[in-house]
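Every heavy atom of this structure was used, including side-chain atoms; hydrogens, water molecules and symmetry mates were not. These numbers were taken from a predicted model, which means no experiment stands behind them. So that the names make sense, note that chain A is the first sequence line, chain B the second, and so on, each numbered from 1.
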Amino acid sequence: MSRYAATKIEEKWQKAWTEAGIFEAKREPGKEKYYVLEMFPYPSGKLHMGHVRNYTMGDVVARYKMSTGHNVLHPMGWDAFGMPAENAAMASGGHPKDWTYANIEAMKDQMKPLGLSLDWSREFATCDEDYYGQQQALFLDFLENDLVYRKNAVVNWDPVDMTVLANEQVEGGRGWRSGALVERRELTQWFFKISDYSEELLSALDTLENWPAKVRLMQENWIGKSRGLQFAFERSDGGEAIEVYTTRPDTLNGASFVGISPDHPIAKELEAESAEVAEFVAECRKGGTTEEAIETAEKLGYDTGIRVKHPLNPDWELPVWIANFILMDYGTGAIFACPAHDQRDLDFCRKYDLPVLNAFFMPDDVAPVENDALVPMKSEKVRWVDHFAGLTEATGEEAINATVDFAEKAGWGQGVTKYRLRDWGLSRQRYWGCPIPVVHCPDCGVVPEKKENLPIALPYDEDGKAIDFSVPGNPLDRHPSWRNCACPACGKPAQRETDTMDTFVDSSWYFSRFTAPKAATPTNLEDAAYWMNVDQYIGGVEHAILHLLYARFFSRAMQICGHLPESAKEPFDALFTQGMVTHAIYENAERKDENGRSIYHYPNEVEDRDGGVYVKETGEKIKVIPSAKMSKSKNNVVDPLAIISAYGADTARWFVLSDSPPERDVEWTASGAEAAYKHLNRVWNLCDKIGEMEPGAAGQGDEDLLREMHKTIRDVTLGVESFGFNASIARLYGFTNTLAKSKAGQAAQKQAIMVLAQLMSPMVPHLAEDIWAHQGGEGLITTAPWPVADEEMLVEASVTLPIQINGKRRGEITVAADLDKAEVEKIALAHEAVQKALNGGAPKKVIVVPGRIVNVVA
RNA sequence: GCGGGCGUGAUGGAAUGGUAGACAUACCAGACUUAAAAUCUGUUGGGCCUUGUGCCCGUGUGGGUUCGAGUCCCACCGCCCGCACCA
């Protein structure tokens with residue numbers, strides 16, 4: 001009897017696959033193509049379990065599609081620009097480029113043992129000059145097609161380090177390095193015109209049938225189409241009217257004040273005139289730029305003294321306040337507040353003692369609003385107060401429409417459609433990114449670089465000296481020999497743009513580049529036409545909005561510029577969002593460190609005994625926090641390499657697929673990994689046992705085993721096709737148990753184990769190959785055709801139906817599978833329990849669901 | 001604050017509106033063994049007593065729709081993710 005030596009067989013079969021070149025994708029017109037893609041990783045240098053889970057799922061799909069006769073493209077690359085490389089250079093010297101490429105090599109070494117069916121010949125990193133040079137060409141095409149422009153926008157500004165901060169670098173309103181209070185500051189930046197495509201990106205969501213509904217819903221809400229009323233408040237002092245936009249024009253009768261953003265032109269005007277206003281506005285600008293920071297900040301207001309006239313009654317004056325929660329980016333940067341029907345407005349009005357007027361009441365109520373805003377559903381009927389549109393009782397929806405009609409007829413406002421989606425700011429004031437290929441010329445202004453000068457490569461050093469990353473700010477700004485250049489238009493001295501691109505740009509088209517990674521243009525239309533779209537895209541739900549929306553926009557823009565065929569406008573035919581891999585945290589319940597912070601123990605430092613968990617060495621009690629995100633600081637990270645060297649890659653693959661549905665988080669447990677390993681051993685031993693049986697012999701229950709085999713083929717195939725990997729695996733456990741207990745002869749058992757190996761092969765390809773070879777299978781299991789269930793073997797002669805009486809299970813009957821409803825009803829009514837319940841009477845109703853259930857209503 | 005998701009035994013979870021708890025872990029018992037490990041077999045949601053082909057309860061909480069609800073609807077509670085410069 002031989003032993004399951006995972007590492008040995010894994011090396012062997014990986015070598016065999018590489019030699020056979022079966023994962024290198026080539027265009028084969030006529031063969032159905034299938035493009036599987038997992039979101040490419042950031043090269044942190046350390047592969048984690050989340051990667052293993054993501055790539056294993058992709059691998060299952062790729063291998064399954066390969067065995068169903070598809071021409072599969074399954075590439076891998078690196079999302080390699082970004083802050084961590086600069087942070088590393090800042091913290092420990094060195095160069096972001098060296099750090100990044102070393103990490104890529106390290107991560108590739110960690111990925112290779114997983115035995116993924118990847119086409120490494122197409123690999124690239126977004127920081128390769130070749131890749132970002134093509135991205136610069138795309139940028140120039142976008143510029144030419146009016147898809148990019150410049151405008152002012154706010155950034156986080158660290159007033160001590162004198163540098164721009166990413167949202168991530170702002171902690172509690174302070175800069176992460178300096179600790180200074182962050183301010184919002186305006187800067188001229190480049191923008192993609194994604195908002196021009198709001199309607200298109202919204203309506204096309206309907207065509208994405210194979211995307212999760214939640215992702216489509218999140219994108220829909222993010223784009224945020226709204227219908228509302230836009231109108232102007234006349235100023236009592238005769239100044240320029242204040243334009244406002246509202247989605248609730250029906251509440252105009254409850255208006256309390258007009259609010260403007262601190263960045264509104266009127267606020268800026270007052271800021272220049274009055275020290276008090278300037279001080280208030282400065283206070284408003286404290287804190288980061290995230291919507292979360294703005295929305296959760298304490299509500300601040302300042303009465304400008306300006307008064308405006310209510311559009312319905314010129315004698316009704318409303319005050320104009322500057323309020324910190326009003327965003328200049330949305331609508332017109334000015335609103336009217338109706339505190340009675342909006343909680344945020346109400347809190348503000350109570351704080352500053354502004355009037356609260358109901359615009360409507362509930363039908364059976366006249367109580368004015370106190371501290372809870374009255375916000376009925378839009379479809380609920382309410383009683384309107386002196387409504388100008390002539391309404392008394394109506395739903396919110398009716399009232400909104402009536403108000404818009406009224407305003408349009410009266411000529412003081414018009415119904416407009418707005419979107420929440422803002423243009424995509426791509427400028428970053430950082431070194432480690434794709435340089436924006438334009439030049440600033442004193443004479444010609446902003447001049448695009450010539451395509452023949454691409455790539456505009458990042459300078460590796462500064463005139464022979466290493467670039468200094470220890471100084472805050474963008475080293476490109478301080479790099480004269482790179483920055484100074486000739487104007488591409490007039491040839492006179494000019495300066496390069498030193499901003500680099502958002503890394504989201506890099507990841508918005510890499511999937512297109514994989515179809516022709518070495519093309520001299522961003523894509524090659526023939527290859528793109530053959531391989532696009534991505535048939536199955538797999539990644540974390542954290543990318544549900546930004547990355548996926550940007551990629552959808554980019555594909556449209558690339559198509560306009562002739563880099564993608566019309567059919568690739570929506571680049572991802574099917575999307576799957578997988579959950580995280582989590583692990584319990586072991587927090588010491590009895591002790592803190594000298595700074596009062598919790599102490600976290602590694603899994604190997606604790607033991608489970610007497611119904612509790614304790615530190616092995618000290619016996620201190622542990623508080624177990626289950627299912628937490630793996631994090632270095634919590635000491636709960638599981639290293640895939642350690643698992644692979646202990647059990648082999650197949651065990652790691654099997655486990656990450658087995659315990660949870662793929663879209664949900666899976667908790668890594670030592671016992672679970674152990675169980676996966678045991679099971680693979682069991683299958684291995686079964687294979688061995690069958691090898692020792694008398695060849696070709698028949699036995700007891702051959703047919704039963706084969707029937708079960710065909711049912712397993714059906715169920716596992718269904719599971720794999722619908723991302724029900726955990727269910728497929730549960731079914732494979734079941735079939736393994738059946739096979740292990742079977743008294744069938746060698747011929748049937750051999751057939752069963754070969755099918756079992758095939759069904760397991762997408763998940764544990766090495767073990768499957770080895771069993772296949774042992775049983776004398778032809779060629780590689782990886783390229784062998786997927787087994788097909790024999791329909792005849794799936795048909796059951798009889799079925800057992802539960803009998804319910806008034807919805808409660810009271811017995812069961814076994815009947816012929818094809819017996820008609822009336823006969824089933826007759827047999828069910830004759831059942832002892834039914835007779836007892838009916839007590840001689842007639843049933844009120846009998847429901848027969850064929851093949852499922854019988855319910856008798858007594 | 002806004003948007004989205006999730007909530008089922010001791011644990012991970014299964015269940016086209018149709019027998020809740022498949023499959024696995026853990027625990028317990030047994031077989032094998034001098035012993036242990038490994039392996040194999042079996043039991044296990046809670047309660048009741050009359051021990052049965054038994055009854056009652058049970059899918060975060062409270063309502064609702066339905067012959068029938070873990071699943072659909074409403075409200076609430078808890079946890080997780082995203083919020084435009086993290087990738």
Between [M] and [N] - [atom1] atom distance, rounded Å:
N: B:A36; M: B:C49; atom1: P; value: 38 Å
N: B:G60; M: B:C6; atom1: C1'; value: 11 Å
N: B:A29; M: B:G21; atom1: P; value: 26 Å
N: B:U71; M: B:U66; atom1: P; value: 16 Å
N: B:A10; M: B:U19; atom1: P; value: 23 Å
N: B:A24; M: B:U59; atom1: P; value: 26 Å
N: B:G63; M: B:C48; atom1: C1'; value: 30 Å
N: B:U8; M: B:A69; atom1: C1'; value: 14 Å

Answer yes or no: is there an ion pair linking [X] with [Y], defined by an N-O contact shorter than 4.0 Å?
X: A:Asp423; Y: A:Lys193; value: no
X: A:Lys151; Y: A:Glu186; value: no
X: A:Glu298; Y: A:Lys351; value: yes

* Can B:G9 be described as syn, meaning its chi torsion is within 90° of 0, or is it anti? ->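 Syn conformation here, the glycosidic angle of B:G9 being no more than 90° from 0.
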
Using a cut-off of 4.0 Å on non-hydrogen atoms, how would the nucleic acid contact of [X] be classed: base, sugar-phosphate, or nothing?
X: A:Arg731; answer: nothing
X: A:Ala727; answer: nothing
X: A:Lys299; answer: nothing
X: A:Val857; answer: sugar-phosphate
X: A:Lys844; answer: nothing

* **Side-chain touch A:Met763/A:Leu732, heavy atoms, less than 4.5 angstrom** => yes

* **Side chains of A:Arg810 and A:His831 in contact at under 4.5 Å (non-hydrogen atoms)** =>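 Side chain of A:Arg810 against side chain of A:His831, heavy atoms only: no contact under 4.5 Å found.
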
* **Donor on one side chain, acceptor on other, A:Ser226 and A:Tyr330, under 3.5 Å** => yes

* Asked: Is there a donor-acceptor contact under 3.5 Å linking the side chains of A:Asn152 and A:Thr188?
  -> yes

* Structure fact -> The nucleotide from B:U19, B:G7, B:G3 with an atom nearest the side chain of A:Arg664 is B:G7

* Which nucleotide sits closest to the side chain of A:Asn855: B:G4, B:A24, B:C67? ->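 The answer is B:C67, which lies nearest to the side chain.
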
* Start at the 5' end of RNA chain B and walk down; is the nucleotide closest to A:Lys808 or to A:Ile847 reached first? -> A:Lys808

Could you state the atom-to-atom distance from [atom1] of [X] to [atom2] of [N] in whole Å?
X: A:Arg216; N: B:G5; atom1: CZ; atom2: P; result: 12 Å
X: A:Ile805; N: B:C56; atom1: CD1; atom2: C1'; result: 16 Å
X: A:Leu657; N: B:G13; atom1: CG; atom2: P; result: 15 Å
X: A:Tyr733; N: B:G13; atom1: OH; atom2: P; result: 15 Å
X: A:Lys351; N: B:G1; atom1: NZ; atom2: P; result: 16 Å
X: A:Phe576; N: B:G5; atom1: CZ; atom2: C1'; result: 14 Å
X: A:Leu686; N: B:U39; atom1: CG; atom2: C1'; result: 12 Å
X: A:Gln219; N: B:G3; atom1: CD; atom2: P; result: 17 Å

So, does [X] get its side chain near the phosphate of [N], meaning an N or O under 4.0 Å from OP1 or OP2?
X: A:Asn726; N: B:A14; answer: yes
X: A:Asn737; N: B:A24; answer: yes
X: A:Lys845; N: B:C67; answer: yes
X: A:Arg810; N: B:C55; answer: yes
X: A:Arg809; N: B:U53; answer: no

* Structure fact -> Of all heavy-atom pairs linking A:Asp158 and A:Asp161, the shortest is OD1-N, 3.0 Å

* **Criterion side chain to side chain donor-acceptor pair (under 3.5 Å) on A:Asp506 and A:Gln135, from CA distance to verdict** => CA-CA 8 Å; A:Asp506 312 339; A:Gln135 187 163 301; 2.7 Å; yes

* Of A:Trp78, A:Tyr510, A:Trp509, A:Phe81, which meets ring-ring contact (aromatic ring centres under 6.0 Å, His included) against A:Tyr131? ->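 Exactly one option meets the ring-ring contact (aromatic ring centres under 6.0 Å, His included) with A:Tyr131, and it is A:Trp509.
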
* Asked: What string of B, S and - do you get for nucleotides 75-87 of chain B, 5' to 3', if B is base contact, S is sugar-phosphate-only contact and - is no contact with any protein heavy atom under 4.0 Å?
  -> -------SBBBSB

* Can you give the dot-bracket line for RNA chain B, where a pair is Watson-Crick or G-U wobble with both atom distances under 3.5 Å, crossing pairs use [ ], and | marks a partner on another strand? -> (((((((..(((.....[....)))(.((((.......)))).)(((((..).))))..(((((..]....))))))))))))....

* CA sep, side-chain torsions, deciding dist, call: A:Tyr647, A:Trp654, side chain to side chain contact (heavy atoms under 4.5 Å, CB included) -> CA-CA 11 Å; A:Tyr647 301 110; A:Trp654 187 258; over 6 Å; no

* Asked: Which of these, A:Leu426, A:Ile194, A:Ile545, sits in a side chain to side chain contact (heavy atoms under 4.5 Å, CB included) with A:Tyr550?
  ->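 Only match with A:Tyr550 under side chain to side chain contact (heavy atoms under 4.5 Å, CB included): A:Ile194.
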
